[in-house]
Amino acid sequence: MQKSIRKQMLSLAVPVVLSSFLQRSVGIVDIFLVGGLGASAIAAVGVAQIMVFVVMSMSWGINVGTTVLVSQLWGAGRKEEAGKAAYQAMLMAVLAAIVIMVVGHLAGGKVAGLLGANEMVQQILYPYSKVIFTFIIFTISINVLSGIMHGAGDTRTPLYATLIVNILHVVVAYPLIYGKWGLPAMGVKGAAIAIAISECLGAGFLFARSLKRRYIVPSRELEMRLTTMTVKLGWPIFIDRLLQNAGSMVFAKVILLYGTSVYAAHQVGLAIEAISFMPGYGIAVAAATMVGQNLGAGRPDDARLSAYEANRLAVVLMAGMGFVFFFFPYVLLRLFTSDPEVIRYGILYMKIVAFAQVPLAITMVLAGSLRGAGDTGFIMFATMAGMWLIRIPVTALLATVFHAPIQAVWSVMIVDWLVRMGLLNWRYRKERWGRLEI
């Protein structure tokens, strides 16, 4: 049984790892491509990506709520209901996209200034953010449609979609940024236009597949119980992502106090570190799907075993990434920038985050397991404790009162993840699977 569950875990996780890597690669490639424009361009794109992560919190709530509901209905054999729940989730996603677009246009240009970015960074950021928020509906659609498919146990189709998005993004972005192949040199705005074009096609592909395979079942009559359950499961994740991403913005403001080169190093380091997130995220999604489907089918013992296998796999993979980050940071950083100051600070960052990889792996998979069981509220509490009771106040004191070196500020991230890991592990060990079934 354990071997069978491990095999199923890998079959679900590997496509998610690859697709999440490719999805995150859109942002990584943007950082890489604009690297030739200087530290200010890197900083501007980094700030814009944080803005998108913050406003995407709403869609993540819909995504996770739908994934949990669809996985448990799918496991119980109630696939028609799962399709209707998915359809209603897409309607919510469209409404969310409209709200996010309006907020992005109204407030997007002011965020960089509030974070303390210099005038050059603000000027570069403005046209990039305008394009991104105008077409944010495609980003949100990919997110929610992928969540629907993950709940149904289909992790391959989102992989194909993100492959389409990435190939098209690279093909379009490079000439638009630097003015190649007869196209005008548009700088960072060209990178944003490339994202819009590629994600439009990716979202269209996922939606067409969802209709064909009946992951989405359109219905004229809305069943409010399905929407209510999605919201009930999703709102803590919305708050969780909002707290996490808002905290990242405040943390970015603290980093910006150390100058543009340090912040650029922080952004390049995050782009590299995102590579290690991919195995953890993929395994967490697989854990959520398997836990949810096993609970829906009335097999809590298999749900526990799935969570155990997921944790073991994630720790091994992300510990390996930590080894690479600690011993080979220069090689990784040199792929993104040739600025000696950015590289110098980036090496410090990479060596520090190497020690965060194992607690980060355990935190991600425990959160995925709890999400699959429907326990989304406690995850929000753990994020609040780690980010807002530890990382933000401690780093603010270190930077503004004690004027500590940047490595001290970055080191607080390790403490943050250790706190979250401890809280989620305590919650998981309470063994409340039966009461958490939908």
Side-chain angles (χ1 to χ4, degrees), residues 17 20-21 24-36 38-43 45-47 49-50 53 244 247-249 251-282 314-364 386-387 390-391 394-395 398-399 404-418 420-421:
V17 170
S20 59
F21 172 75
R24 183 66 181 90
S25 291
V26 174
I28 295 173
V29 168
D30 268 357
I31 296 285
F32 176 78
L33 290 176
V34 304
S40 293
I42 294 174
V45 172
V47 170
Q49 290 180 6
I50 291 175
F53 291 153
Q244 174 65 31
S248 295
M249 290 189 72
F251 188 56
K253 184 174 178 63
V254 174
I255 302 300
L256 277 165
L257 294 174
Y258 290 85
T260 300
S261 292
V262 172
Y263 184 73
H266 182 75
Q267 287 304 135
V268 172
L270 282 175
I272 296 170
E273 192 188 5
I275 298 170
S276 76
F277 294 171
M278 303 313 155
Y281 173 71
V315 167
V316 171
L317 291 176
M318 291 184 68
M321 295 302 300
F323 179 88
V324 173
F325 291 165
F326 188 84
F327 288 103
F328 306 102
Y330 178 82
V331 176
L332 297 170
L333 290 160
R334 192 63 182 79
L335 294 173
F336 286 81
T337 180
S338 58
D339 189 312
E341 280 292 288
V342 174
I343 290 175
R344 182 167 70 88
Y345 286 113
I347 289 173
L348 285 174
Y349 179 88
M350 297 306 300
K351 286 182 176 291
I352 289 168
V353 298
F355 291 97
Q357 298 311 300
V358 170
L360 177 57
I362 295 172
T363 300
M364 293 176 77
M387 176 63 80
I390 302 295
R391 185 189 300 196
V394 173
T395 55
L398 288 173
I406 186 60
Q407 53 264 45
V409 172
W410 279 330
S411 296
V412 178
M413 292 188 294
I414 300 174
V415 182
D416 171 5
W417 289 113
L418 286 170
R420 298 194 213 190
M421 180 188 72

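Partners of W417 by side chain to side chain donor-acceptor pair (under 3.5 Å), not counting sequence neighbours: none found. In this view, R420 and Q244, D416 satisfy the side chain to side chain donor-acceptor pair (under 3.5 Å) rule, not counting sequence neighbours. The side chain to side chain donor-acceptor pair (under 3.5 Å) test applied to Y349 returns E273, not counting sequence neighbours. Among residues two or more places apart in sequence or in another chain, the side chain to side chain donor-acceptor pair (under 3.5 Å) test is passed with R334 by none. With sequence neighbours left out, F323 forms a ring pair (Phe, Tyr, Trp, His ring centres under 6.0 Å) with F327.
Across all their heavy atoms, M364 and G280 have their closest contact at CE-C, 3.6 Å. Nearest heavy atoms, L333 versus G346: CD1-C, 3.3 Å. Taking both residues in full, the closest heavy atoms of Q357 and S276 are given as OE1-OG, 2.5 Å, listed atom of the first, atom of the second, then distance. L398 and A408 make their closest contact through CD1-O, 3.8 Å (heavy atoms, listed as atom of the first residue, atom of the second, distance). Residues A356 and I414 approach most closely at CB-CG1, 4.1 Å, considering heavy atoms. The nearest pair of heavy atoms linking A314 to A361 is O-CB, 3.7 Å.
When each of F251, Y345, Y258 is tested with H266 by the rule side chain to side chain contact (heavy atoms under 4.5 Å, CB included), just one qualifies, namely F251.
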(request) May I have the step-by-step check of side chain to side chain contact (heavy atoms under 4.5 Å, CB included) for V262 and W410, ending in yes or no? (result) CA-CA 11 Å; V262 172; W410 279 330; 4.1 Å; yes
(request) Start with the C-alpha distance between I347 and I343, add both sets of side-chain angles, then the distance that settles side chain to side chain contact (heavy atoms under 4.5 Å, CB included), and finish with yes or no. (result) CA-CA 6 Å; I347 289 173; I343 290 175; 4.1 Å; yes
(message) Using side chain to side chain contact (heavy atoms under 4.5 Å, CB included), reason through I352 and Q407 one step at a time and then give a plain yes or no.
(response) CA-CA 8 Å; I352 289 168; Q407 53 264 45; 3.7 Å; yes
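Here the side chains of V415 and V394 are not in contact, with every heavy-atom distance at 4.5 Å or above. Put simply, the side chain of M413 reaches to within 4.5 Å of the side chain of V353, judged on heavy atoms. Looking at L335 and V331, their side chains never come closer than 4.5 Å, going by heavy atoms from C-beta outward. Between I255 and I406, the closest side-chain pair of non-hydrogen atoms falls below 4.5 Å.
Ring geometry for F326 versus F355: interplanar angle over 60°, hence perpendicular rather than tilted (30 to 60°).
A distance of 10.5 Å separates CE of M249 from CG of L256, quoted to the nearest 0.5 Å. We find the CD1-CE distance between I272 and M350 to be 5.0 Å, quoted to the nearest 0.5 Å. For the atom pair K253 NZ and S248 OG, the distance stands at 15.0 Å (nearest 0.5 Å).
Pairs of residues two or more places apart, or lying in two chains, that qualify as salt bridge (Lys or Arg N to Asp or Glu O under 4.0 Å) and include a residue from residues 343-360 are E341-R344.
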